[in-house]
Asker: 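So that we are looking at the same thing, I have put the structure below in structure tokens.
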Amino acid sequence: ADPGYYRWTQWLFVQMFRRGLAERREAAVNWCPVDQTVLANEQVVDGACERCGSPVELRQLSQWFLRITEYAQRLLDDMSDLVDWPERVLTMQRNWIGRSEGARALFRTDDGELEIPVFTTRPDTLFGATFFLLAPEHPAVGRLVAGRPEEAAVREYVRAAARASVADRTAADRPKTGAFTGRGVRNPVNDELIPVWVADYVLMDYGTGAIMAVPGHDERDFAFARAHGLPVRRVIAPEGAAADAPLEEAYAGDGRLVNSGFLDGLPVEEAKPAIATWLEERGLGEATVGYRLRDWLISRQRYWGVPIPIVHCPACGPVAVPEDQLPVLLPPVDDYAPKGRSPLAASPDFVRATCPDCGGPAERETDTMDTFVDSSWYFLRYTAPHLSCGPFERDVVDYWLPVDQYIGGVEHAVLHLLYARFFTKVLNDVGLIGFREPFARLFTQGMIHYLGAKMSKSKGNVVAPDEIVERYGADTLRLYILFMGPAAEDAEWQDQGVEGQRRFLDRLWRLVAAQDGGVLAQRPAIEALRDDPLALELARKAEATVAKVTQDIAERFSFHTAIAAIQELVNLATKGQAEGTLSSEGGRAALRHATQTAVSLLFPFAPHVASELWEALGGERLWVEPWPQADEAFLVQDTVTVVVQVNGKLRDRIEAPAGLADAELVAIARERPRVAAAIEAAGGRNGARVVREVVVPDRLVNLVVA
RNA sequence: GCCGGAGUGGCGGAACGGUAGACGCGGAGGACUUAAACUCCUCGGCCCCGCAGGGGGCGUCCGGGUUCGAAUCCCGGCUCCGGUACCA
């Protein structure tokens with residue numbers, strides 16, 4: 001609600017308005033009766049309001065839309081640049097955009113006065129159309145039935161459909177109802193006259209709001225035909241079936257065209273382009289693509305939002321507020337509560353305006369924008385948060401963006417993440433930015449479940465962080481949350497798991513406390529540790545842990561395995577300390593350095609405890625210390641454990657100097673009694689012998705007996 | 001229905017073609033303690049052989065396949081989770 005920010009949201013809206021990408025139009029829109037406002041399609045989940053869960057209704061209203069559908073294809077195409085996005089999110093967006101290839105075909109009314117287009121993905125079945133359906137909201141319905149005996153019944157059917165909730169309208173299993181208009185349309189392909197019905201399973205906002213019904217090859221049309229005694233005609237016959245074989249259900253499978261005039265004999269996949277070409281040559285239709293995506297309805301009848309910067313002039317229509325008059329500020333009002341029209345309309349001073357174009361009296365738009373509009377570009381404003389001459393500066397924004405790594409919940413998949421992509425493309429088209437995608441990489445973290453449900457305020461199963469912090473400390477909580485499992489996956493909260501992380505911090509604390517204060521130790525030289533195997537092992541472990549934790553954090557987002565690795569290091573140090581085996585000078589140095597390393601690696605996960613321990617070890621400000629670097633010399637093992645397999649089964653392990661030649665390893669392996677016995681057992685009495693030796697240097701020998 | 005993801009101990013999970021079960025939770029046994037808590041030690045996939053040290057077989061949802069070698073790759077199926085769905 002900061003005018004310094006929403007000024008530029010309005011400015012961007014004006015840019016879209018000028019390009020025809022923001023428009024006000026009447027449509028059947030989603031209405032939440034509790035929040036008393038309209039909603040975008042993306043904000044209706046299972047027929048209910050995303051915010052309050054109330055069943056959503058359809059209302060015929062004039063509202064502001066952003067024309068995201070103009071970008072449907074580009075939103076799909078540019079997904080190829082989103083290589084680091086989770087497949088799940090890309091799939092959700094793909095489904096939401098819902099591209100399908102098909103054709104448009106024009107049907108002319110019986111009186112020759114109206115042409116009504118349909119969209120179909122099965123133009124090959126055009127000869128099978130035996131009736132024609134209009135959505136209840138279709139603008140042609142009124143004209144078709146005016147003055148006819150069917151008029152009253154049809155109007156009543158349309159009214160009933162308007163009253164139904166969105167959930168009811170779109171339930172797949174409800175009976176196929178409809179009302180006959182008494183009128184007919186002519187099939188463009190054969191001039192056949194077929195009856196026109198109004199049916200509520202036809203949706204006004206997909207395709208053209210009208211369909212050709214092919215009961216022989218569409219399940220829904222078949223059900224409608226059965227319910228209303230309409231004819232069913234076969235136009236596709238599977239391999240080996242007769243052209244006139246009766247249909248007991250809709251056949252949606254493959255086959256060849258029958259009863260279809262010039263298309264007869266063609267396979268389905270050839271008939272589709274053939275009929276599209278035929279229609280196009282005669283001006284009766286063409287191949288086209290349909291999308292499920294709807295335009296983004298952004299007007300809201302709420303107070304808290306960005307005022308839409310438009311003035312309605314009786315003479316000029318909707319006119320954008322000139323850029324130098326922005327921002328249009330939210331007016332003070334007495335009552336913020338939703339009541340079906342915008343609370344802004346209660347302020348006469350706000351509503352009264354003059355037309356920026358003609359200077360005549362006019363009225364200000366009183367709706368505010370969906371909050372998702374603000375969040376569609378905030379990441380660009382971060383590059384110039386106080387800039388007063390524009391939303392951002394091109395060279396700066398091009399330097400910083402796209403965002404290298406975005407993190408969020410999967411619930412944004414077809415909301416924020418789709419809208420932000422759309423905005424970015426528009427701004428790129430306008431020339432304000434030089435890139436087409438806002439977020440190069442996306443990481444979606446999982447949700448926490450507890451007591452069998454997602455942990456959420458509305459479910460009442462939230463574990464209050466304050467209580468955990470009170471009992472175990474904030475670092476324990478951080479550590480546990482990150483340790484629960486892969487960050488990208490959902491995880492189950494376990495109360496006792498928290499205690500485990502507290503125990504770990506306590507153990508590390510005691511490890512540090514048992515050492516002298518003093519000063520930070522240098523990494524001991526590898527030569528100084530040769531005489532103390534445990535000291536050398538600990539020093540190696542410390543360096544290996546640095547390498548693993550660094551990789552887990554930076555490359556894998558795998559925090560739980562990073563923490564596990566630190567725990568392994570601490571466990572080994574604790575063990576050495578407890579056994580008193582690290583009492584040599586080198587041993588003490590190794591222990592000291594390993595402890596410091598563990599503390600330093602723990603810092604990102606448990607910053608308070610790590611900082612405190614760092615001081616106890618003689619350090620100062622851990623947060624300005626460089627991230628540890630692994631010393632490669634310690635990562636090279638001089639002895640290795642080599643696994644010996646016979647026919648792929650583990651039979652023995654040998655400790656061997658690193659870097660032995662394959663032949664030497666095989667020779668050592670074959671001398672081992674257990675290996676020899678296994679070879680003999682595998683060979684049995686038929687004198688089989690080793691026919692192949694597979695060696696992975698320093699790791700494995702597999703002797704194949706046949 | 002369509003699309004995506006996932007199935008590994010009692011539980012969360014590890015292992016990104018090479019020792020399955022790291023790390024942690026829970027469990028059992030032991031040490032310390034007057035007792036307990038804390039802490040420490042030991043055990044810990046299943047089955048079989050052995051008094052024991054130890055040894056063998058089976059095992060990553062099921063069935064096939066590729067490979068010297070498969071939790072991992074391929075084919076078929078089952079189950080669960082998520083998205084979407086009267087979208088023509």
Side-chain angles (χ1 to χ4, degrees), chain A residues 45-46 86-96 98-100 102 118-122 125 133 135 169-176 199-203 205-214 217-221 223-224 252 290-294 410-411 413-414 447 449 479-480 483-486 488-501 503-504 506-507 510 556 558 560-568 570-571 574-575 578-579 641-653 674 677 681 690-696 699-706:
Chain A
V45 178
D46 294 332
E87 193 53 44
R88 182 170 57 144
V89 173
L90 294 176
T91 299
M92 284 167 71
Q93 292 206 355
R94 237 178 251 119
N95 288 345
W96 192 257
R99 182 184 203 273
S100 42
V118 301
F119 172 72
T120 175
T121 55
R122 293 297 304 274
T125 63
L133 299 175
R169 267 298 286 278
T170 56
D173 50 357
R174 64 193 298 250
K176 294 284 177 290
D200 67 2
Y201 78 89
V202 180
L203 307 174
D205 54 0
Y206 182 77
T208 64
I211 64 166
M212 64 174 203
V214 183
H217 306 284
D218 181 280
E219 206 180 308
R220 298 152 302 177
D221 297 348
F224 191 90
Y291 297 92
R292 209 193 68 101
L293 184 68
R294 311 286 154 82
V410 74
E411 70 273 14
V414 292
M447 277 179 298
H449 293 244
L479 211 48
Y480 173 61
F483 187 72
M484 288 175 81
E489 289 169 29
D490 290 358
E492 175 78 22
W493 180 273
Q494 291 180 328
D495 293 312
Q496 282 166 320
V498 182
E499 291 185 42
Q501 295 312 306
R503 281 202 280 264
F504 164 61
D506 286 345
R507 200 163 355 119
R510 287 192 300 272
R556 303 205 310 155
S558 183
H560 65 309
T561 53
I563 293 167
I566 301 171
Q567 290 177 346
E568 282 187 61
V570 171
N571 289 351
T574 306
K575 186 178 156 201
E579 292 172 357
T641 303
V642 176
V643 171
V644 184
Q645 298 177 333
V646 175
N647 286 346
K649 280 187 193 293
L650 176 70
R651 291 303 170 193
D652 207 353
R653 288 165 231 255
R674 293 183 51 198
V690 175
V691 295
R692 185 165 172 191
E693 295 154 348
V694 180
V695 178
V696 181
R699 293 201 64 169
L700 170 140
V701 173
N702 186 14
L703 303 172
V704 185
V705 177

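Below, chain A is the first sequence line, B the second, and so on; all start at residue 1. Computed from heavy atoms alone, side chains included, the values below leave out hydrogens, waters and symmetry copies.
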Asker: Could you give the distance separating B:C75 and B:A88 at their C1' atoms, to the nearest angstrom?
Answerer: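 These two C1' atoms come out 34 Å apart once rounded.
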
Asker: Less than 4.0 angstrom between a side-chain N/O of A:R556 and OP1 or OP2 of B:A15, yes or no?
Answerer: yes

Asker: Return the pairing partner of B:U33 with a 3.5 Å limit on both distances, Watson-Crick or G-U wobble; otherwise return none.
Answerer: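 Result: none.
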
Asker: Between A:Y201 and A:D221, does any side-chain donor sit less than 3.5 Å from a side-chain acceptor?
Answerer: yes

Asker: How far does the C1' atom of B:C61 sit from the matching atom of B:U72, given to the nearest Å?
Answerer: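 Taking atom C1' in both B:C61 and B:U72, they lie 15 Å apart.
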
Asker: Could you please name the partner base of B:G17, counting Watson-Crick and G-U wobble pairs only when both distances are under 3.5 Å?
Answerer: none

Asker: Does B:C25 have its OP1 or OP2 closer than 4.0 Å to a side-chain nitrogen or oxygen of A:R503?
Answerer: yes

Asker: Looking only at atom C1', what distance separates B:C25 and B:A14, rounded to whole Å?
Answerer: 15 Å

Asker: Would you mind calling B:G9 syn or anti? Take O4'-C1'-N9-C4 for purines or O4'-C1'-N1-C2 for pyrimidines, and syn is within 90° of 0.
Answerer: syn

Asker: If you check the A:V202 side chain, which of B:A88, B:C86, B:G83 turns out closest?
Answerer: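 Out of B:A88, B:C86, B:G83, the nucleotide with an atom closest to A:V202's side chain is B:A88.
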
Asker: Considering every strand and a 4.0 Å limit on heavy-atom distances, what is the contact class for A:V704: base, sugar-phosphate, or nothing?
Answerer: sugar-phosphate

Asker: If I take atom CD in residue A:E489 and atom C1' in nucleotide B:C80, what distance separates them, rounded to the nearest angstrom?
Answerer: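 It is 14 Å, rounded to the nearest whole Å.
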
Asker: A side-chain contact here means heavy atoms from C-beta on lying under 4.5 Å apart; do A:W96 and A:M92 qualify?
Answerer: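 A side-chain contact is absent here, since even the closest heavy-atom pair is not under 4.5 Å.
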
Asker: When the P atoms of B:C81 and B:G45 are considered, how many whole Å apart are they?
Answerer: 30 Å

Asker: Is A:R510 close enough to B:C40 that one of its side-chain N or O atoms is under 4.0 Å from OP1 or OP2 there?
Answerer: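 Checking B:C40 against A:R510, a side-chain N or O does come within under 4.0 Å of OP1 or OP2.
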
Asker: Scan every strand shown for a Watson-Crick or G-U wobble partner of B:U84, both distances under 3.5 Å, and answer none if you come up empty.
Answerer: B:G1

Asker: Respond yes when some side-chain nitrogen or oxygen of A:R292 is under 4.0 Å from OP1 or OP2 of B:A85, and no when none is.
Answerer: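 It does, given that an N or O in the side chain of A:R292 lies less than 4.0 Å from OP1 or OP2 of B:A85.
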
Asker: Check the phosphate of B:G24 against A:N571, side-chain N and O only, distance under 4.0 Å to OP1 or OP2. Yes or no?
Answerer: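 Yes, within the criterion.
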
Asker: Measure from the side chain of A:R674, starting at C-beta and using heavy atoms only, and say which of B:G56, B:C58, B:C87 lies closest.
Answerer: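 Comparing B:G56, B:C58, B:C87 against the side chain of A:R674, the answer is B:G56.
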
Asker: How about A:N571 and A:R507: does a side-chain donor come under 3.5 Å of a side-chain acceptor?
Answerer: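 Yes.
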
Asker: Between B:G59 and B:G69, how far apart are the two P atoms, rounded to whole Å?
Answerer: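 It comes out at 15 Å once rounded to the nearest Å.
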
Asker: Could you run down nucleotides 69-75 of chain B 5' to 3' and tag each one B, S or - for protein heavy-atom contact under 4.0 Å?
Answerer: S------

Asker: Measuring from atom CZ of A:R99 to atom CZ of A:R94, what distance do you get when rounded to the nearest 0.5 angstrom?
Answerer: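 Rounded to the nearest 0.5 Å, the CZ-CZ separation comes out at 12.5 Å.
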
Asker: Flag the pair A:R294 / A:Y206 as yes when at least one side-chain heavy-atom distance between them is below 4.5 Å, and no otherwise.
Answerer: yes

Asker: When you get a sec, tell me which of B:C86, B:G18, B:A15 is the closest nucleotide to the side chain of A:T561?
Answerer: B:A15

Asker: Under a 3.5 Å limit for both distances, which nucleotide forms a Watson-Crick or G-U wobble pair with B:A6, could you say?
Answerer: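 Base-paired to B:U79.
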
Asker: May I have the distance from A:M92 (atom CE) to B:A85 (atom P), rounded to whole angstrom?
Answerer: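 Rounded to whole Å, this separation is 11 Å.
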
Asker: Checking side-chain contact (heavy atoms from CB on, under 4.5 Å) for the pair A:V214/A:R122: CA distance, chi angles, key distance, verdict?
Answerer: CA-CA 9 Å; A:V214 183; A:R122 293 297 304 274; over 6 Å; no

Asker: For B:C68, does either OP1 or OP2 sit under 4.0 Å from a side-chain N or O belonging to A:R692?
Answerer: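 Answer is yes, contact under 4.0 Å.
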
Asker: Any chance you could lay out the side-chain contact (heavy atoms from CB on, under 4.5 Å) test for A:I563 and A:Q501, step after step, and finish with the verdict?
Answerer: CA-CA 10 Å; A:I563 293 167; A:Q501 295 312 306; 4.2 Å; yes

Asker: It should be established whether A:S100 places a side-chain nitrogen or oxygen under 4.0 Å from OP1 or OP2 of nucleotide B:A88.
Answerer: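 For A:S100, the contact criterion (side-chain N or O under 4.0 Å from OP1 or OP2 of B:A88) is met.
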
Asker: Would the base of B:C87 count as contacting A:R294 through its side chain, where contact means a donor and an acceptor less than 3.5 Å apart?
Answerer: yes

Asker: Measure the distance from CD on A:E499 to C1' on B:C38 and round it to the nearest whole Å.
Answerer: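 Spelled out: CD on A:E499 to C1' on B:C38 is 12 Å.
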
Asker: Say we look at B:G1 and B:C68: how far apart would their P atoms be, to the nearest angstrom?
Answerer: 39 Å

Asker: Could you check which nucleotide pairs with B:U67 in any of the strands shown, counting Watson-Crick or G-U wobble with both distances under 3.5 Å?
Answerer: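 Pairing partner, where one exists within any strand: none, as none qualifies.
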
Asker: Can you see if the side chain of A:R651 gets near the phosphate of B:G57 - specifically, an N or O under 4.0 Å from OP1 or OP2?
Answerer: yes

Asker: Give the rounded distance in Å between these two atoms: CD of A:E492 and P of B:G13.
Answerer: 9 Å

Asker: Determine the Euclidean distance between corresponding C1' atoms of B:U60 and B:A15; express it in Å to zero decimal places.
Answerer: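 Here B:A15 and B:U60 have their C1' atoms 11 Å from each other.
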
Asker: Looking only at side-chain atoms of A:V694, point me to the closest of B:C86, B:C58, B:C68.
Answerer: B:C68

Asker: Is any side-chain nitrogen or oxygen of A:H560 closer than 4.0 Å to OP1 or OP2 of B:G24?
Answerer: no

Asker: Once you apply a heavy-atom cut-off of 4.0 Å, does A:R220 come out as touching a base, just sugar-phosphate, or nothing?
Answerer: base

Asker: Listed by chain and number, what are the side-chain contact (heavy atoms from CB on, under 4.5 Å) partners of A:A223, not counting sequence neighbours?
Answerer: A:K176

Asker: Compare the minimum distances between each of B:U84, B:C86, B:C23 and the side chain of A:E568, then state the nucleotide with the smallest one.
Answerer: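 The listed nucleotide nearest to A:E568's side chain is B:C23.
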
Asker: With a 3.5 angstrom cut-off on both distances, give the Watson-Crick or G-U wobble partner of B:G12, or none if there isn't one.
Answerer: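 The base-pairing partner of B:G12, which may sit in any strand shown, is B:C23.
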
